[in-house]
Structure formats: structure tokens, C-alpha cells
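These values consider heavy atoms only, across backbone and side chains, with no hydrogens, waters or symmetry-generated copies. On a predicted model such as this, the values are computed, not experimentally measured, just so you know. In what follows, every chain begins at residue 1, and chains take the letters A, B, ... in the order their sequences are listed.
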There are 2 protein chains.
Amino acid sequence: MSVGIRHDDLRRRNRAMVIAAVRRAGQPSRTEIAATTSLSHSTISAISSDLIVEGILTESKPSEAGSLKRGRPQVGLSLNPEAAAVMTVVLSLNFLSVAVIDYAGQVISEEQRRLDTLTMSRESLIGECTAIVRRRLADPDLDVRSIARIAVAIQGITDTRARAMLWSPITPHTDIAFADIFEDEFGIPAIMENDCNMMAVALRWRDPDRYRDDFIAILLSHGIGMGLVLKGELFTGTHSSGGEFGHMIHRPNGALCRCGRRGCVEAYAGNYAIWRNARQMGEDAEPVADVSDADMRALAAAAREGDGPEREAYRKAGEALGYGLGSLFALIDPAPVAMVGVSAAAFDLIEPALRQAIAQTAGGQHSKSISFDTEPNELPLIREGCAMRALIFVDQEIFAPGVQARSGFGGKNVA
Amino acid sequence: MSVGIRHDDLRRRNRAMVIAAVRRAGQPSRTEIAATTSLSHSTISAISSDLIVEGILTESKPSEAGSLKRGRPQVGLSLNPEAAAVMTVVLSLNFLSVAVIDYAGQVISEEQRRLDTLTMSRESLIGECTAIVRRRLADPDLDVRSIARIAVAIQGITDTRARAMLWSPITPHTDIAFADIFEDEFGIPAIMENDCNMMAVALRWRDPDRYRDDFIAILLSHGIGMGLVLKGELFTGTHSSGGEFGHMIHRPNGALCRCGRRGCVEAYAGNYAIWRNARQMGEDAEPVADVSDADMRALAAAAREGDGPEREAYRKAGEALGYGLGSLFALIDPAPVAMVGVSAAAFDLIEPALRQAIAQTAGGQHSKSISFDTEPNELPLIREGCAMRALIFVDQEIFAPGVQARSGFGGKNVA
DNA sequence: CAGTATTTTTTCGAGGCTCGAAAAAATAGA
DNA sequence: TCTATTTTTTCGAGCCTCGAAAAAATACTG
């Protein structure tokens, strides 16, 4: 462990730094990059002229129209969209979505497809995934060689090495190494990520002011998922994608969860749990396979209508989420929360009980100051997160290569 | 954010790397250091000769007696004990302990003292702490100028900046900035750390094989504390020392906790909770201020004697700890656990219920493979952790200084 | 419209760092 | 005493970043 820094690593790291600065800032001038990286102008000049020659960056016209200043106008540097491309594959319950994204982050082409993921065989699930990717790669407008990376996101648990799905609620099959499958099939490096982690990555890029170093993204969907960024890094478990917030225990020996255990947060706050409680089916009732978004919206509407089992179901969901968040906050301290997914649209029904519960916990000391944001649609977020993950891989591993070991330094999990 | 690497940072980082290699390995030769750091022999030679001239390292006799090999014998490098010294201050319930440690990690001098921390005024608590440090500094055998760092550990919550105790169960007073107080008083840089975090740091140095990158140290004492190392880094909250495992919610609206809330893990597993249950005082009974170690040992003996309220009390403690660990493992995946403190000596009474509970949780899937270790005495561990923390500060900030910003690189929390 | 002030970017030499190769040092075996 | 072997040091080469100065590109000024 703890490897020293070779002399040639210097350039590599600083190249990566410049690329990262451009990706973050959009069209920064060399002077701005020098300021944010605290490297000298000479160094930035040298590195960026290399990157331009290599076709990674391009010079764009003076960044702002209102160049009211005197002096030589700044020349904006931007990512060359044609430098590379990446592909995202998002697999969720009964739905498969693929997109090709250029180096600057714009969607070039996409395709979506309904599947019956719960009943498909292992082979046909894999087959559908590879087929849709193959169709995209066959696009005549696309230079296949430019695709530098495939990022796959799935609802479920993935391994830390980002190679395989270990378990997922959307299919009975386990341990599918999608990353390896795509690499073998297409010869393109691939990674396999957890959907909620990708949501968190995307939120950070969308709104870096709110979602800076520490925040939580919670997916309120059929199941409950979480993506967590701590100290600027995506938080993952020691072996898996981790962060199984939905399966923290809310009530020992409580309601039956989809995972087969009892008393998980999800067994009170997942769509199926809200549905079960609203229909007064009892906590032991087998979770239903799926509840349509329309049904959930109808449920929320009924709950808003007046007091009754629907409203009580949302109250219980809020309570479970509140105690769960309280326990989480006991571990990590409070942080901004983004609620994502269908039931985030019903957050008005969830919030009161949630805040009341969180106030009972150690982490909820300043419960009023904990702020929630809602975003009803998770799919675009997941795709954006995948795209950024893949693009940053290209930035670091392809356009600034040459470092052997990652231990000690090398922010691998930087969201 | 994300600062580039200056040319002069190179030497600084590699110096730090060499010092760290020596601290880890004990008496490594230059060749061994070159191997572990993957720097060239020339570089190691240059850096180590600098460090020797500066009095930071010394050459020791050939590392092993059995130099059966041919060739020129290796020269061991070791830390010069006189290069610097650090002081540790450990403040726990009714007890204050101070030690001076040389640069190589050996205790030079120490002093311990009983206090009535629960009833002392703020001023006298601070006064006792500064007085004991002053007495140690007055030791004629000690060169005061060599003291490069004071590390203070306290049971309770500290801030992420390692300046202040925010809240502690050992005193009614809050927000005492011990680090600032010591710095102002003695002009020596100081840090304020959480006791359980220091336990984790110490475990990692004691047994790097078992406690490598991911593990958990749990203090089973009057209260329940936790120190957590994830991916080789000490885990802290976003604002505070965090990791308040003892105040995760075990049962909503459950037993009364010392913190004033209800249903915390500690309200079932802290010494006062075990005592309360064993004495059948009811879950609403006000927690007692302190239970002596002797009383706890008697309780454990009674529990081992036969079935009864004592045994049931330990069972409840195990259940709470098990569900809590299960929820924690849902977030971070399972990892080795060290149980520290008086009640760790009664772990035989706790373990069955703990394992049974953990098996009910998502994190406990492989509950049999989760391994527990016990260590009944927390104080030496805390002191060792403090010492290592302080020494590593000296290694990095004093003997390899010169880096301005830490963002991006700079492993601040490396245990 | 020419000249001046101002700001950005590039150029160039200096200084430092790591590296590889070769030399020097230090020991065990023959 | 000589040779083989291993560790450590020495030395020149090659990069990299930096600061200063030059070059480039614009706005202002009279």
C-alpha cells in the first residue's frame, strides 16, 4: 500500500485536473483554470495546448458575449464532443433504456423498451440487453470506435468492483456480471452501478450548490433505495454497492418485507407497503409484484381527499422513513435529502409524520433545518449519473492514463 | 476544489511516504522501502539521507540477526525517538489520564487522576486538564520544546475539525474547545478526538491483518460508542465525530435512554440499561449515573449462574446490538467487529441473542461469518490511538510540510 | 485613428525531482 | 585472497513546473 509519486505521474495528474476543470466549468479560459487548480499559467498553457492537439479540448469563442473588459479577451476551452462517446444502459423494473452520449455530455441517440423483467429467463434478460446495445452500435451515424465506455445501472445490489449485479428486485436471477458480459461481447470497457448511486452522482452535477459534499438521495419507488455522498465521495459498502437504507430495521419482527425479512423500512414505505396498508391487507400480506404509477397517484389523491386508511398508510411510511433517517443521521449527521421517484410526488403526505419521527431521534436534533427536495422522475437522473460516471472514466483513465496503482491517492469514487 | 500538484509537492509527498513506511515497518532497509513505495533506490537513498541528517531517522544495526544472505547487509532505518514527542490526554467518566510519548511511540512519562467529572464545574474540569498537562511539561527530564502535538480524546461527540467536544455523557457542560484551550495555554498544536475513533485507530496499528480496511470497534461501557474504519479511512460524520451507533433507534418509543430519547440501542445495551433490566426497574426508570465495573462483573456472574432477570438483561442487550449491527451492515456491509469495554468481558452472554437478531436483518445474511473479538480494557487502546494520531500529524505536517491545500489528495483521515 | 493601458496567453531559461546505469561498499563463500 | 552477491550511493539525463518577460489581442483616450 501507499505508493510514492513518480515524476511522470505529475503530468498525468495535472492533465486530469485540467480536463476535470473544463468538465466542471463548461467553457473556462486558461486563466480561470490556472486560478481553480492553483497551477501556474505556463503549466496550464502547456497542458491545454497538448490537449487541443490531441483533440480532447477545443477552443471556443470568447466565453461571454459581454466582454466589457479591456485586455486580450479570454479564449474559452471546451470539451471536444467528438473526442469520445459513452453508452448508458439503465435497467429497471419492466424497463430497459439505452443512450449514446458524446464527450461533452449531449445525448446522440437513444432507445427504450418495455420488458417483463420479473418473469424473463436469465438468458433472455441478458439477450435483450446485449441486443439493444448492438442495435445502437449499428447506428450508421455512429463511429463505433469512439464508444469508450458502457455504464450499466440497475435497481439492486452491485459489487464494489462495479462488475456485477449481485441481487435485484426486478428479476429472480442473481449474480449477473453485466460488465463482463458487455466487455466480452463488444470489447468495450464497462461498469455496473447501482441506480441510486447514479442518482446521487447526477444530483451533484445538476446542482453542485445544494448537493456539494454531503447529501442523500432516496428513491421512493416500489422499493426504497439510497445513494449517499459523504465528504464528496460516493459512499459504497465494503463489498457491495451498499447503502441499503430500505432494509434497515424499523421495527424488529414487524411488517413483512419484499426481501423476506420483517420490519425493514421498505416494508412500511415502499409502494407495495403503502398499497398494502391503504388496502388494509395486514402487515403479513404478501407484497404485490408491482403497483402502477397511476395507481399510486390515485392512492395519493385519495389520501389528500380526507382522513382514512390511505392517509394512514402514508403516515406510516413517513414514520418509517423518519426513524430510518434518524438512525442514519446518528451515524453520519444530518445532510440535505433529495426524495426521488413516484412517491416523492406524495411527499406532502409523508413529510409530517417523517419530521415528527425524526424529531424523536438523536440525528433529528435540528430536524427543522433538515431540508428535503423532491424529484418525481428517477430515470433521467439515473441516466445522467451513468453518463457522468462513464465520461469521468474516459477523462481519467483514457485521456490522462499512466498511473499504475490507485491506493492512497486517486479519487476513485469521486461523484 | 481539486488543486493541481506543484513540483515541490513531489518531494514532500515522497518524504511523507518514506516516514510512513518506517513507522509501519519498524526497521525497514532502504531496499525494502523502495519496494513498498515503488520509488527508485536512488530516490529513497536521497530522501533517507536527508531525513537522517535532519535527525528524523536513524540507522540501526542490520535489521535481523540471521543475516544469512551473502552481499552487503541491509541497514535498518528507524524513527529517531528524540526527533519529537507528543502528549495524549484521555478524559473519561471520572478519570483523567495523560502520557508523553516519544517519536518512536514509547511512553516516556504518564500520570493518572480520578475526578468527579459529572459534578465538576466547567472551569474546574478545564483547570484539572490544563494542570495535569502543565505538571507533565514541568518534568525536568523532558525537553518541552520537543512536544509537537497534544491529542485529547473524550467520550462523547467532537466536531469534524477536531477542535472541540460538543457534547459528552461524562459532564453536563457542552462545547468545550479543548484543542483551542491547550493551544492557547501551552502554544502546542492540539486536536480533540472521539474516544471510540481512537480505539479504531489503535486496533489498526495493533493488528493490521485483522483490522485492515474495514472494521468496527464498539465500546460496551456505560454508554455505547463506535469507531468505524471504512476503506482504510476513519469514518466521521459530516459535522461531528459521528458514528453514534448507540443512538440508532432500536424500538420506536422504546426504553428511556440516557440521552433523553426513547428506544436507542444504548437504552438496551449500555451498562445502565443492562443494570436496569437486571434489577427489573422498568424501561421508564431514570438511568443510573454510573455502575462500577465490579457491579457489572457481579451481574455477569449472576447471569452465568442461571436463568433469570440478569440473563434476560444481557439477552435484550444482545438483541438491541444485533438489530443495530444489522442495520449498520445494511449500509456498509458486514465487517469484523471488536467489542471493547467492561461488558465485552460478558460477550458470551450477549452473543447468542446478538447473532439471532443479526440473522433477522439484511446485513446479517452471512451472520455466521461475522467475527467478533473482545478486549475488556478500553483505556490503553484509546491512548495508543491518540498517540498514533498525534505522531502521524508530526510525520506529515511537521517533518514533511509544505502543502497548502488538502482537497482532493492528502489522506487526512487515514487511520 | 494612432497611441496607451490592460488583460490573456505563450515563450524561455532556471531549478528540482526522479530515474536508470554504473560505481562503490560490505559481506559470505571458495 | 579472490569471487559472487546484495545493498547503497553517485551521476548524468530527461521531465516538469515556475517565474519573468515577451507577444497577442482588445478597449479606452484624445
Side-chain angles (χ1 to χ4, degrees), chain A residues 3-18 21-22 27-53 57-77 400 402-404, chain B residues 3-18 21-22 27-53 57-77 400 402-404:
Chain A
V3 160
I5 305 187
R6 326 286 281 309
H7 197 222
D8 24 329
D9 293 347
L10 252 184
R11 215 0 164 352
R12 182 264 173 194
R13 289 176 196 279
N14 287 338
R15 265 174 77 101
M17 217 60 95
V18 170
V22 176
Q27 285 201 333
S29 69
R30 291 168 176 80
T31 312
E32 281 164 16
I33 298 174
T36 61
T37 58
S38 81
L39 293 168
S40 74
H41 289 197
S42 350
T43 303
I44 299 302
S45 181
I47 292 176
S48 49
S49 93
D50 283 358
L51 292 173
I52 290 170
V53 169
L57 298 185
T58 51
E59 291 193 331
S60 39
K61 285 299 101 193
S63 56
E64 292 297 282
S67 59
L68 299 167
K69 290 185 299 184
R70 273 214 189 172
R72 177 172 174 173
Q74 302 189 345
V75 180
L77 294 177
V403 162
Q404 66 294 39
Chain B
V3 160
I5 304 187
R6 324 289 278 310
H7 197 215
D8 24 332
D9 293 349
L10 251 184
R11 213 5 164 348
R12 183 263 172 193
R13 289 177 196 278
N14 287 339
R15 267 174 76 102
M17 217 58 95
V18 170
V22 176
Q27 285 201 334
S29 69
R30 293 168 174 81
T31 311
E32 282 165 16
I33 298 174
T36 60
T37 59
S38 83
L39 292 168
S40 73
H41 288 197
S42 350
T43 304
I44 300 300
S45 181
I47 292 176
S48 49
S49 94
D50 281 0
L51 292 172
I52 290 170
V53 168
L57 298 184
T58 52
E59 291 192 332
S60 39
K61 285 300 99 191
S63 55
E64 293 297 284
S67 57
L68 299 166
K69 290 183 298 184
R70 273 215 190 171
R72 176 171 176 174
Q74 303 189 347
V75 179
L77 294 177
V403 161
Q404 66 293 41

Under 4.0 Å, counting only non-hydrogen atoms across every strand here, what does A/Asp8 touch: a base, just sugar-phosphate, or nothing?
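A/Asp8: no heavy atom of the nucleic acid under 4.0 Å.
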
Across the strands shown, which category fits B/Ser42 at heavy-atom distances under 4.0 angstrom: base, sugar-phosphate, nothing?
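It contacts base atoms.
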
Side chain of [X] (C-beta onward), nearest among [options]:
X: B/Pro73; options: D/dT17, C/dA26, D/dC18; result: C/dA26
X: A/Gln74; options: C/dT8, D/dT8, C/dC19; result: C/dT8
X: A/Ser45; options: C/dT18, D/dT9, C/dT11; result: C/dT11
X: A/His7; options: D/dT8, C/dG16, C/dG29; result: C/dG16
X: A/Arg70; options: D/dT8, C/dG29, C/dA5; result: C/dA5
X: A/Leu10; options: C/dA21, D/dC16, C/dT18; result: D/dC16
X: A/Ser40; options: D/dT17, C/dT11, D/dT9; result: D/dT17

Counting N and O atoms only, with roles assigned by atom type, does the side chain of [X] sit under 3.5 Å from a partner on the main chain of [Y], one being a donor and the other an acceptor?
X: A/Ser60; Y: A/Gly76; answer: yes
X: B/Ser29; Y: B/Val75; answer: no
X: A/Arg12; Y: A/Ala400; answer: yes
X: A/Asn14; Y: A/Arg11; answer: no

Nearest-nucleotide comparison on DNA chain C, the residue closer to the 5′ end among B/Ala46 and A/Gly71:
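With B/Ala46 and A/Gly71 compared, the 5'-side residue is A/Gly71.
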
Whole angstroms only, please: what is the [atom1]-[atom2] distance between [X] and [N]?
X: B/Arg13; N: C/dC17; atom1: CZ; atom2: P; answer: 14 Å
X: A/Asp50; N: D/dC16; atom1: CG; atom2: C1'; answer: 12 Å
X: A/Ile33; N: C/dT8; atom1: CD1; atom2: C1'; answer: 13 Å
X: A/His41; N: C/dC12; atom1: NE2; atom2: C1'; answer: 17 Å
X: A/Ile44; N: C/dT7; atom1: CD1; atom2: P; answer: 20 Å
X: A/Gln27; N: C/dT8; atom1: CD; atom2: C1'; answer: 16 Å
X: A/Arg12; N: C/dC17; atom1: CZ; atom2: C1'; answer: 19 Å
X: A/Leu39; N: C/dT9; atom1: CG; atom2: P; answer: 15 Å

Less than 3.5 Å apart, any donor N or O on the side chain of B/Ser40 or B/Thr43 sitting next to an acceptor on the other?
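On atom types as modelled, these side chains qualify, holding a pair under 3.5 Å.
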
Roughly how far, to the nearest 0.5 Å, is OG1 of A/Thr37 from CD1 of A/Ile47?
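Result: 8.0 Å between the selected atoms.
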
May I ask you to evaluate whether [X] reaches the phosphate of [N], defined as a side-chain N or O under 4.0 Å from OP1 or OP2?
X: B/Thr43; N: C/dC19; value: yes
X: B/Asn14; N: C/dC17; value: no
X: B/Arg6; N: C/dG16; value: no
X: A/Arg11; N: D/dT17; value: yes

Report yes or no: is there a donor-acceptor pair, N or O only, under 3.5 Å between the side chain of B/Arg72 and the base of D/dT6?
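Checked by distance alone, the answer is no.
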
